*Asks:* 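Have a look at this one.
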Amino acid sequence: QVQLVESGGGLVQPGGSLRLSCAASGSIFSGNAMGWYRQAPGKQRELVAIVSSGGTTIYGDSVKGRFTISRDNAKNTVFLQMNSLKPEDTAVYYCKTGRGGVAYWGQGTQVTVSS
């Protein structure tokens, strides 16, 4: 059974930092790209960042230069370091992977940027 469990969300002031983690079951992590997406109220879910199995990264335009995605293959975990946070970064953040045309999502973790 595939499981993705996010953690690390919370309330932070503008300009602050948070680090999100996504722990994946071993069978789905190895050799798969891992991604972070987010969805704000009333908006569509959007790409935040993706890291391939080989470490190649892609970022959404709104987070380039502020967020960093990384993975620890030994711990089956993908991270999202978020710096210089803005109120518009407020959203539920989801971890995603896929295999054989099937997408797997975590339950999401809330990030709120507010003073």
Side-chain angles (χ1 to χ4, degrees):
Q1 184 176 355
V2 175
Q3 284 190 319
L4 299 174
V5 181
E6 301 102 333
S7 61
L11 173 64
V12 63
Q13 292 186 343
S17 298
L18 280 176
R19 189 191 196 204
L20 306 183
S21 300
C22 172
S25 55
S27 62
I28 194 65
F29 191 86
S30 301
N32 282 22
M34 301 292 297
W36 285 98
Y37 292 74
R38 68 185 182 186
Q39 188 166 20
K43 295 187 177 181
Q44 290 188 331
R45 194 169 295 190
E46 64 173 356
L47 169 70
V48 177
I50 294 174
V51 58
S52 72
S53 58
T56 301
T57 57
I58 298 172
Y59 293 93
D61 288 341
S62 61
V63 306
K64 285 180 181 177
R66 299 187 297 123
F67 291 10
T68 303
I69 190 171
S70 61
R71 62 191 294 161
D72 184 336
N73 291 332
K75 296 182 178 179
N76 294 340
T77 303
V78 61
F79 304 98
L80 184 68
Q81 178 66 43
M82 306 185 293
N83 298 328
S84 302
L85 282 161
K86 304 175 182 179
E88 51 263 44
D89 294 318
T90 296
V92 178
Y93 284 70
Y94 298 91
C95 181
K96 178 191 176 185
T97 189
R99 173 178 290 174
V102 178
Y104 300 95
W105 294 88
Q107 82 287 353
T109 185
Q110 176 70 47
V111 172
T112 302
V113 184
S114 175
S115 55

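Keep in mind that this is a model prediction, so the values were computed, not measured.
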*Asks:* Could you list the donor-acceptor pairs under 3.5 angstrom formed by side chains in residues 55-63, with sequence neighbours left out?
*Replies:*
unit_1	atom_1	unit_2	atom_2	d
Y59	OH	I69	N	2.9
D61	OD1	K64	NZ	3.1
S62	OG	R38	NH2	3.1

*Asks:* Applying ring-ring contact (aromatic ring centres under 6.0 Å, His included), can you list everything that pairs with Y37, at least two apart in sequence or on another chain?
*Replies:*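 Applying ring-ring contact (aromatic ring centres under 6.0 Å, His included) to Y37 gives W105.
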*Asks:* T90 and V111: side-chain contact (heavy atoms from CB on, under 4.5 Å), yes or no, with the steps?
*Replies:* CA-CA 5 Å; T90 296; V111 172; 5.9 Å; no
*Asks:* Considering only residues two or more places apart or on different chains, which pairs with a residue in residues 28-61 satisfy disulfide (SG to SG under 2.5 Å)?
*Replies:* none
*Asks:* Given 3.5 Å as the limit, does a donor-acceptor pair link the side chain of Q44 with the main chain of Q39, or not?
*Replies:*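 Checked: no pair found.
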*Asks:* What do the steps show when you test I50 against W36 for side-chain contact (heavy atoms from CB on, under 4.5 Å), and what is the final call?
*Replies:* CA-CA 6 Å; I50 294 174; W36 285 98; over 6 Å; no
*Asks:* Between N83 and F67, does a side-chain contact (heavy atoms from CB on, under 4.5 Å) hold up when you go through it step by step?
*Replies:* CA-CA 6 Å; N83 298 328; F67 291 10; 5.9 Å; no
*Asks:* For atom CD of E88, is the number of surrounding heavy atoms from other residues, nucleotides or ligands below 6.0 Å larger than 12?
*Replies:* yes
*Asks:* Quick check: do N73 and N76 have side-chain heavy atoms less than 4.5 Å from each other?
*Replies:*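 Of all side-chain heavy-atom pairs linking N76 with N73, none is under 4.5 Å.
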*Asks:* Write out all pairs satisfying disulfide (SG to SG under 2.5 Å) with one or both partners inside residues 57-113, taking only residues at least two apart or from two chains.
*Replies:*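 Every pair satisfying disulfide (SG to SG under 2.5 Å) with a residue in residues 57-113: C22-C95.
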*Asks:* Testing the basics here: between L85 and M82, what is the closest heavy-atom pair and its distance to 0.1 Å?
*Replies:* CD2-CB, 3.8 Å
*Asks:* Could you pull out all residues at least two apart from T97 that satisfy side chain to side chain contact (heavy atoms under 4.5 Å, CB included)?
*Replies:* L4, I28, N32, M34, Y104
*Asks:* Side-chain donor-acceptor pair under 3.5 Å between T77 and D72, yes or no?
*Replies:*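 No pair is found: no donor N or O on one side chain lies under 3.5 Å from an acceptor on the other.
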*Asks:* Verify the cluster assignment for L80 and Y94: are they in a single hydrophobic cluster under the rule of side-chain heavy atoms below 4.5 Å apart?
*Replies:*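 As far as the 4.5 Å side-chain criterion goes, Y94 and L80 are not connected within one cluster.
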*Asks:* Could you work out, with side-chain hydrogen bond (donor to acceptor under 3.5 Å, both in side chains) as the rule, every residue matching Q3, not counting sequence neighbours?
*Replies:* none
